[in-house]
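Okay, structure first, notes after.
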Number of protein chains: 2
Amino acid sequence: MEAAQKAFFDTYTDFQCFMIAQVNKGDFNGVGATHYNIVEYLYRNGPNTGKDLARKFHISAPAISRHVKFLLEKKLLAQKQTAEDRRAFLLEVTEKGKQLVNGSETQRHSVTTRISRQLPKKELEQFTRMLQKVVDILKQEGEN
Amino acid sequence: MEAAQKAFFDTYTDFQCFMIAQVNKGDFNGVGATHYNIVEYLYRNGPNTGKDLARKFHISAPAISRHVKFLLEKKLLAQKQTAEDRRAFLLEVTEKGKQLVNGSETQRHSVTTRISRQLPKKELEQFTRMLQKVVDILKQEGEN
DNA sequence: TGTGAATAGTTAACAAAGTTAATTAATTTT
DNA sequence: AAAATTAATTAACTTTGTTAACTATTCACA
């Protein structure tokens with residue numbers, strides 16, 4: 001492996017280790033990371049069915065089903081049967097759910113805030129641009 | 001939230017979504033992602049103790065203990081008690097373990113290769129430097 | 001030098017969150 | 001109308017993390 005690529009690989013590995021460790025720690029009074037992500041997604045993208053969520057988050061229907069059940073019990077989501085297909089339910093975020101999203105200091109918030117504080121603004125902007133480029137590359141191939 | 005920080009937050013969120021979806025898919029004939037990461041880490045960085053691994057991967061000692069037990073059974077690692085401290089064991093990668101690492105195209109490999117190919121070398125180096133800085137920031141606070 | 005505190009690792013019991021297989025009810029296809 | 005497909009659920013299981021309690025060893029120091 002070429003030197004620049006090796007250096008990148010090592011750093012990326014380090015970063016990934018951190019992220020993995022980090023990502024599974026989002027827990028707001030018993031609302032886990034995936035729970036939260038579902039609520040946030042529905043908040044930002046409007047009502048969707050369970051099937052949609054499974055596709056979006058790349059997890060199985062039963063996994064979504066359990067998450068949704070939990071979120072309904074917590075009154076963070078509400079569901080209503082669709083008229084066109086009575087098997088399907090549109091899930092939408094309740095007021096309480098919206099408050100959760102608005103009030104939550106996620107790890108993502110805390111991490112990005114920490115980084116924003118410690119990098120000079122110019123560098124932060126540059127890093128953001130480059131990270132965006134990387135995300136674009138990753139998405140490109142994700143489409144296949 | 002300030003504009004530069006908001007832009008960073010959004011991009012980071014995007015990136016994190018991608019990572020979460022990808023990260024847990026590494027499984028080579030029953031050797032899970034964390035198993036593999038441990039073997040690779042020891043291969044690239046030389047023998048380390050369980051304690052070191054727990055620190056490196058940000059997971060608890062018992063979790064490491066179980067992973068190591070599995071990897072010893074699979075003969076991917078070998079251990080030897082250290083002379084200086086008879087509580088501690090140095091873990092090192094066996095030939096079989098090295099073969100696993102050399103023969104595996106991990107997610108991380110494929111991702112970093114894709115990025116390396118599509119970014120001009122100079123940009124890749126720059127991105128690596130900045131990502132390293134970010135990792136350092138994250139590590140700093142991890143120490144508290 | 002002996003003792004109490006700290007440390008490396010393990011075991012046990014548990015929790016969270018994913019999986020597949022099977023079931024139900026509704027819809028679509030033939 | 002019957003057969004196949006689909007959205008959602010339930011049940012049983014797996015993986016992989018956690019904390020608490022334990023053993024064996026080492027360290028600090030009165």
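Chain naming here is simple, since letters A, B, ... match the order of the sequence lines and numbering starts at 1 in each. Just the heavy atoms: all of them, side chains too, but no hydrogens, waters or symmetry mates, feed the values below.
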Neighbours of DNA chain D within residues 72-92 of chain A, by heavy-atom distance under 4.0 Å: A:Arg87, A:Ala88, A:Phe89
Check this for me: does any side-chain nitrogen of one of A:Lys56 and A:Asp52 sit under 4.0 Å from a carboxylate oxygen of the other?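 A:Asp52 and A:Lys56: not salt-bridged.
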Any salt bridge between A:Arg44 and A:Glu40, counting N to O under 4.0 Å? yes
Could you check A:Arg87 against A:Gln81 for side chain to side chain contact (heavy atoms under 4.5 Å, CB included), going step by step and ending with a plain yes or no? CA-CA 7 Å; A:Arg87 288 168 306 182; A:Gln81 213 168 26; over 6 Å; no
Rounded to the nearest angstrom, tell me the gap between atom [atom1] in [X] and atom [atom2] in [N].
{"X": "A:Phe70", "N": "C:dA15", "atom1": "CZ", "atom2": "C1'", "value": "13 Å"}
{"X": "A:Phe57", "N": "C:dG18", "atom1": "CZ", "atom2": "P", "value": "10 Å"}
{"X": "A:Leu53", "N": "D:dT9", "atom1": "CG", "atom2": "P", "value": "11 Å"}
{"X": "A:Ile64", "N": "C:dA17", "atom1": "CD1", "atom2": "C1'", "value": "11 Å"}
{"X": "B:Lys69", "N": "C:dA12", "atom1": "NZ", "atom2": "P", "value": "8 Å"}
{"X": "B:Ile59", "N": "C:dT10", "atom1": "CD1", "atom2": "P", "value": "13 Å"}

Phosphate OP1/OP2 of [N]: any [X] side-chain N/O under 4.0 Å:
{"X": "B:Ser65", "N": "C:dA8", "answer": "no"}
{"X": "A:His67", "N": "C:dG18", "answer": "yes"}
{"X": "B:His58", "N": "D:dG17", "answer": "no"}
{"X": "B:Ser60", "N": "D:dT18", "answer": "yes"}

CD/B:Glu123 to CD/A:Gln126 distance, rounded to the nearest 0.5 angstrom?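 Taking CD in B:Glu123 and CD in A:Gln126, the distance rounds to 9.5 Å.
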Closest to side chain of B:Lys51, choosing from D:dT9, C:dG9, C:dG18: C:dG9
Mapping B:Arg66 and B:Gly50 to their closest nucleotides on DNA chain C, which lands nearer the 5' end? B:Gly50
Under the 3.5 angstrom rule, does the side chain of B:Thr11 hit a backbone N or O of A:Gln132 as a donor-acceptor pair?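 No.
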How would you list, by chain and number, every residue that makes a side chain to side chain contact (heavy atoms under 4.5 Å, CB included) with B:Ile59, sequence neighbours excluded? B:Thr34, B:Phe57, B:Ala63, B:Ile64, B:His67
Tell me which pairs pass salt bridge (charged side-chain N to carboxylate O under 4.0 Å, His left out) where either residue lies in residues 61-79 of chain A, with sequence neighbours left out. none
